[in-house]
Visitor: 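Got a structure here, written out as structure tokens. Questions coming.
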Amino acid sequence: MLLTQLAVAGIQTGMLYALTAAGFALIFGATRVFHVAHGATFILAGYAFLEAMQMGAHWAIASLVALTVAVAFGLFMDMLVYRPIQKHEGSFFTVFVASFGAGIAMQALIQFFFGGGFATISLPLTRATELLPGLYIAPVFWVALAVVLLVFAAITLFLERTHAGLGLRALSENPELLRAYGLSARRLSALAFVLGSALAVPGAILTTVTTGIQPADGAHVMLVSLAATVVGGIGSIRGAALAGLVLGLVENLVVSVVDTQWSQAASFVMLFGFILFRPNGLMGRAGAR
Amino acid sequence: MIAYLVNLATLIAIFGIAATSLNLLIGYAGIFSIAHAMFFGIGAYVAAQVALTFSADFLVAALAAAVAAAALSLCLALPALRVRGEYFVAASLGLQMMASTLFAEAHGFTGGVGGLVGIPPARILGFDVASPDAFLVLALACLALTLLAVRTLMRGSFGRSLMALRDSESAAEAFGKDVRALKTLAVVIGCFFVGIAGALFAFHMAFVNVESFTLEQSVVLMAMVIIGGAGTLTGPLVGVIALLSLPAALSFLPFIPSTQIGTVQQFIYGALMTLLMIFRPSGLVGLSRG
Amino acid sequence: ATEPYVLGTLFPMTGLLSELGSIYTAATALGLEHVAQDKRLSQPIVLKAQDSQSTPQGGAVGMSKLANVDRAPYVLVGLTGVAKAAEPIATRAKVVMVNGGGVGPDLAGLSPYFWNIIPLANQELPTAFSWMKRNEIRRVALIYLDDPLGNALRKGLQDGLPAIGAALVGEFSAAPSAQQFSAMIAKIRETKPDLVYVASYGTQQTQIFKQLRDNGITQPLMTYSVGGTPSVAALPESEGLLFTSQVADWDAKDPLTRRFVEGWRARHKDNPSTYAQNYYNAVLLYAQLIERLEKEGKPLNGDTLREGLATGTFDLVGGRARFSPSGAIDMPTQLNRVQNGKFEKVS
Amino acid sequence: MSEPILLSARGISRSFGGLAAVQDVTLELRQGVVTALAGPNGAGKTTLFNLITGHLVPDRGAVELKGESILRQKPHKVALKGIARSFQDLRLFGSMSVYDNVLAAIEPTPWLWQPGGSSGAAARRLEVERALAATGLEELAGTRAVDLSYAETKFLSMARIIATGAPIWLLDEPASGLDPASRSRFVKLVRDATAAGVTVCLIEHNLDIVTELADRIAFLDQGRKLAEGTPAEILGNAELIAIYFGERRE
Amino acid sequence: MSVSIPSTATPAPAMAVRGLRASYAGREVLAGIDLDLADGEVLCLIGHNGAGKSTLLKILFGLHPADAGEVRLRSRALKPHPSLMARDGVAYVPEGRGVFPGLTVKEIFTLALWSASLDAGEGRARIDEVLELLPKLRDFWTKRAGQLSGGQQQMVSIGRALLSRPSILLLDEPSIGLAPKLFQDLLTPIRAIQQRRGMSILLVEQNVGEAFAVSDRVVAMKSGVTIYEGKPADLADHAKLLTLF
Ligand SMILES: Nc1ncnc2c1ncn2[C@@H]1O[C@H](COP(=O)(O)OP(=O)(O)OP(=O)(O)O)[C@@H](O)[C@H]1O
Ligand SMILES: Nc1ncnc2c1ncn2[C@@H]1O[C@H](COP(=O)(O)OP(=O)(O)OP(=O)(O)O)[C@@H](O)[C@H]1O
Ligand SMILES: [Mg+2]
Ligand SMILES: [Mg+2]
């Protein structure tokens, strides 16, 4: 039963990782921007949700507020930070540092207004009940499952049906050429940031109600997203999501064999191994070379 | 005040060495490592252990630190030979995270989260160099040595070969450059010097623990290189001075309420990082392109 | 002297433990205000604050500035790791450090300039054991942060539990950055404990409490003095949480306590925590030391302060206190419980 | 043909997935002879170069340099044995100056120090200057490669090869997109080199250049070598002409 | 589809350029270009390397800003912008590899359909039309463009530009890397639809032999200005041609 319990925990963590990682992967895949401030998007969304709830808003309204804030931040970064840098042929790392700086600033800002402690709200949703002897599952698990499946179906449908997915892939390869085709690289990149940032929202909300959120969480979210993006295969949103799920599972399941303090490191051992032995990732196409 | 400035200058020298050595990887060889704090840490722990158990002579400890860091850097060379670009960034990230956990868990060697305390004052050939001024001179000497070595290497054929393979690996190969050997050598040399920086750090702080060698430290080192100007000799040093003296300067600002001082500092620090990159994308020293 | 006296603080204003930093700062500010009102010193005390960023490195850098630029002879410090990193610098500059937050047992006797105004963790455990014995706790599971503090508590439990006929049935260590504990909790459930002892701090421990309760642990939860952080009380899941701490009687009638408690309530609309008490006391302590030095006509520096600490007795909130030669304050401890979002003493 | 065979690829094949890019091709390069590789797009010409230089490993076949096998050797080893090549997409060292592009190309070992000391270094500098003079790039020695105009990049690519002093040159479409004036300059460069005994293999679509320079033409189509001979023989072959220029064959 | 009316030269040119100037980082590359592209003509633009031909084409499609001067599309002055130009029936084939290496040929065509805002049914018809012109494309329809040979990529690039049935086609050195036959294979159908549909083509080429055979008019550029205009036949003499470079 321990294994089952661990697997359930792993799936729940993994689902949230999956969505957030998919958002990062989408942005990175399309724009080649290492958007490490994605972690800031995540905490912003979480705090926005919390604040709205505390002001007495309905959870649906609060979610909408979180969505708006996240998308606005993503667009802000795209238009006011990344675009000017890319105009000057800024290198990969220039963007990385800028994004990192923005993440720090955002974290400080949140801390300034909401304090550095962790914030959460207690809902009956997160109280686990004993489903089978020794197997505890909280209702939020089913909520998360439903949300994740729904969001994935929606995003996949959107990317496949509207050619936007194709446009985003083309964008990732050569934005200049995209313009020669008469398409707007700016608009596509904005789209990537809108979708990617929106994908961080469900994870942020669910994390806020289950484990709680704190300003320093951004770093962890960013790490997991980045790892999942690479393990999944750069350019593959589905791969990133799958890898996010796997990372969540590994993190929880290894606890059955090693001491608990190693559980985070396990994910990164896996990341390192993947890069050495399967550099294209779970679903990657383009070679590492 | 003088003592404070001496301390700051010593830290600048130490991080100057670390950033210069990272620049060898990022700026010249195109090896985008964000695991540099790991080797900084290895240097610091090895030097601390040598000082605690064997000899407080800086030369012995620093040599051991540098050699250990260089030897273990083969962990980094392995992915560098196999993958490039973002994949390598992720690989080094994985390595860094594993190292952080190991540093925190290997109580016997690293003292765990509690760290190693009571590192004896540094000596060189029997002379005491522990006074802040003497130690600053030592750190500056190491920095000068590192700068000189990197300058000589990068202006010479080794540097040209590295830059050639950074710009086009297949073309470099087509002109007889052994890519494997070059990359491995670049990694080993870079980590050798950061090992020395680690040793200086251990003696300077008289205390080391894992928190100084985390991913964040790696990213800050990288930020120093990029903000100063990757691929330039003085850039990393300028970046170090900027990033280390900024918080110091901010703490002198009179108008920040003391209860929020940290948060406000963090905000200004982060925002300046971003603004610098927007307005000086090639770094403070770097050539402006386009 | 015509220059104001300098009080340095090296608190975690950012980073993992910034919540504690703001409590420490608020208490220090209250203390300074009351000292200023008393007008018993020839010069005012000015505050020089440095952020330790909750990290040892930040601690070392901040201490260097306090010692060398601000010339603070007396510095308040917080966390165990930070204190240990800052100590060599302070000792070299002969700066007296007073710790009111860190409870790692190795903070005792760290240096002649290092003084604890908080009972260290090992001083709290006996109170916990006697409660366990009374309530027939046999099986204890431990979640500990893998740092000096967590390890010290682990050792304390390992050594002390057998004496009361109980055993440590599971030890689970958490990395400082860990936030997800459902897997660990699943394993804890397997050990069928009578009580879960949590030896972490900061935001992490609050998360642990919430997740323990969310994941079906109904057994009593216990921790050390850090349980007295306001965010713990604010969390519905902490209801019933037990924690040991120094004796803190907010209803005591002595004027020092009244002034402190009322001053705090007026500002923060809430009861103070023991941390607040400690740092408030640390400021009173400084004022009393200065007063004594002024009277004796001695200069104010690290060595005269140290001497004063070692020999004097002091009137502090909670009673008259003196320090042991190893630099630890002797204070009785008590067991508390979180009830309806408030801290209550367990009778 | 009496000149000795310097480089030979015998019966080499390579496929990508299901596609046989090069099938059982034999190519012999003789000392001082200019061999042109002709054939439609996708015939496998570039792939053949990659197989010779070690950038790709053949599935089957042998590659020999002066009778010694260089099969499965790493590209840098092959290069050090005296085979210099250009790339269809140039692959310059973009962020380096024109001068350093050439210098980096001829510094023999990748290690920390160079053999020959300062006299070796001086000799190499002379070599670089000669190559830049030959390609008309002296004035641009300090310019970064990414800032060059189109024709200049093409000539820099040639300068790197000239400076190596390699006896064998493999040139992949070195003159495509050049204007007539630059083209004649290019033709002269190759003529001078062959006069000095350099062996050249040239992929080129422009017939004027091929007829002007080539002693022999090897004709590839769909991975196979269909014919080899003097320009007169090949251009007189109606079937090949149809494939290459002619009316559609499908 | 309906048979288009054979074009007769109309007074308003399909595209006109007046006094166009442009620079890179302060260095002037175009120094006042005047050029008319008549309706239904193939205009071959020649010039030495670096003369500014590619820059001119980029400006016409809105990929590079002009410093001064005017661009008119059917006597309507406008500021070129890629999506605007695409909507107005201009298509541009850039110099070099105008394909996305990671996308399959099919996907590249889908992308082109998207930029031309064509619906699925119409799109299929257009694709069939292009495949008819360039039947070789079928052979590697589902391959990634990056794995194609240079010539194959060029074919894809031109095919995708034709998809929108442009009335003006800007072609930058399509012959680079193409075998003569392929270049012929490309030029013949282009010429055919050009004549059938009255499309105007601005063709930049170094391979004058093949290019002149399909051109109606030749303009030569030197160092950012036009220096010659005439019929291809007038330049049959090689020596005369060389004077232009
Ligand atoms: N890395 C690769 N993976 C898959 N297929 C490849 C690869 N490289 C080449 N090909 C295929 O092999 C065939 C030969 O390609 P190659 O580049 O050798 O042609 P080429 O003769 O040089 O043509 P061009 O004159 O157009 O440059 C082509 O069909 C191409 O698609
Ligand atoms: N992005 C750029 N940045 C700076 N200078 C440029 C840029 N693009 C082109 N140039 C310069 O502008 C001039 C004109 O270039 P352009 O590409 O228009 O010439 P072209 O006539 O097309 O030449 P080619 O026949 O070589 O294609 C050249 O000197 C070139 O070096
Ligand atoms: Mg080719
Ligand atoms: Mg051009």
Side-chain angles (χ1 to χ4, degrees), chain B residues 23-24 26-30 70 77 80-81 84 148-190 192-193 229-232 235 281-283 286-290, chain D residues 49-50 52-56 73-97 99-116 118 120-121 124-125 128 144-147 156-157 160-161 163-164 166 169-170 172:
Chain B
N23 186 34
L24 191 76
I26 291 185
Y28 293 102
L81 296 179
R84 273 189 275 173
L148 190 71
V150 169
R151 189 190 126 102
T152 315
L153 284 175
M154 292 307 112
R155 296 261 164 103
S157 65
F158 180 60
R160 265 188 300 278
S161 301
L162 280 188
M163 288 186 273
L165 79 89
R166 173 193 66 191
D167 288 354
S168 171
E169 207 165 301
S170 53
E173 275 183 305
F175 288 100
K177 306 288 172 273
D178 186 343
V179 171
R180 283 174 163 269
L182 275 170
K183 281 192 173 178
T184 311
L185 203 61
V187 168
V188 167
I189 294 177
F192 180 88
F193 284 112
T232 61
S282 334
L287 308 164
S288 188
R289 289 188 198 179
Chain D
F49 271 14
N50 285 336
I52 292 173
T53 59
H55 283 90
L56 286 173
Q73 293 202 0
K74 295 265 170 220
H76 71 272
K77 288 263 169 65
V78 174
L80 293 176
K81 291 199 157 81
I83 302 179
R85 71 169 289 186
S86 75
F87 292 88
Q88 201 168 350
D89 52 358
L90 300 180
R91 306 196 188 171
L92 301 176
F93 306 132
S95 63
M96 295 162 70
S97 70
Y99 190 94
D100 280 355
N101 258 272
V102 181
L103 186 57
I106 63 171
E107 282 168 327
T109 60
W111 295 93
L112 295 180
W113 41 86
Q114 293 277 306
S118 59
R124 280 192 294 276
R125 295 198 171 263
V128 172
R144 285 190 315 168
V146 281
D147 295 334
L156 176 54
S157 171
R160 287 199 306 200
I161 291 176
T164 58
W169 295 1
L170 307 181
D172 198 347

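Within every chain, numbering begins at 1; the chains are lettered A, B, ... in the order of the sequence lines, protein sequences first and strands thereafter.
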Visitor: Looking only at heavy atoms, which two atoms of B:A164 and D:A104 are closest? And how far apart?
Guide: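 Heavy-atom minimum between the residues: CB-CB, 4.3 Å.
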
Visitor: Let me confirm one number: the OG-CZ distance from B:S157 to D:R124, rounded to the nearest 0.5 Å.
Guide: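 The CZ atom of D:R124 is 7.0 Å from OG of B:S157, to the nearest 0.5 Å.
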
Visitor: Drop me the distance from D:N101's CG to B:M163's CE, to the nearest 0.5 angstrom.
Guide: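 The CE atom of B:M163 is 10.5 Å from CG of D:N101, to the nearest 0.5 Å.
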
Visitor: I need the full list of salt bridge (Lys or Arg N to Asp or Glu O under 4.0 Å) pairs touching residues 76-94 of chain D, with sequence neighbours left out, sorted by first then second residue.
Guide: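 Only D:D89-D:R91 qualify under salt bridge (Lys or Arg N to Asp or Glu O under 4.0 Å).
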
Visitor: Between atom NE2 of D:H76 and atom CG of B:L182, what is the distance when rounded to the nearest 0.5 Å?
Guide: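 Rounded to the nearest 0.5 Å, the NE2-CG separation comes out at 9.0 Å.
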
Visitor: Tell me, side chain or backbone of D:T164 under 4.5 Å from chain B's heavy atoms, or both, or neither?
Guide: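 It is the side chain, since no backbone atom gets that close.
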
Visitor: Side chain of B:K177, backbone of D:E107: donor and acceptor closer than 3.5 Å?
Guide: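 Checking the backbone N and O of D:E107 against the side chain of B:K177, a donor-acceptor pair under 3.5 Å is found.
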
Visitor: Would you mind checking which part of D:L90 comes under 4.5 Å of any heavy atom in chain B, side chain (CB onward), backbone (N, CA, C, O), both or neither?
Guide: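 Interface part for D:L90: neither.
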
Visitor: Grab the two heavy atoms, one from B:D167 and one from D:M96, that are nearest each other, plus how far apart they are.
Guide: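 Heavy atoms only, the tightest pair is OD2-N, 3.8 Å.
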
Visitor: Using modelled atom types and a 3.5 Å cut-off, is there a donor and acceptor pairing between side-chain atoms of D:H55 and backbone atoms of B:S170?
Guide: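 Indeed, once roles are kept as given, a pair shorter than 3.5 Å links the two residues.
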
Visitor: Could you measure the distance from the CZ atom of B:F175 to the CD1 atom of D:I106? Nearest 0.5 Å is fine.
Guide: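 Spacing of CZ (B:F175) from CD1 (D:I106) equals 10.5 Å.
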
Visitor: Would you please name every residue forming a ring-ring contact (aromatic ring centres under 6.0 Å, His included) with D:Y99, sequence neighbours left out?
Guide: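 Counting only residues at least two positions away or on another chain, D:Y99 forms no ring-ring contact (aromatic ring centres under 6.0 Å, His included).
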
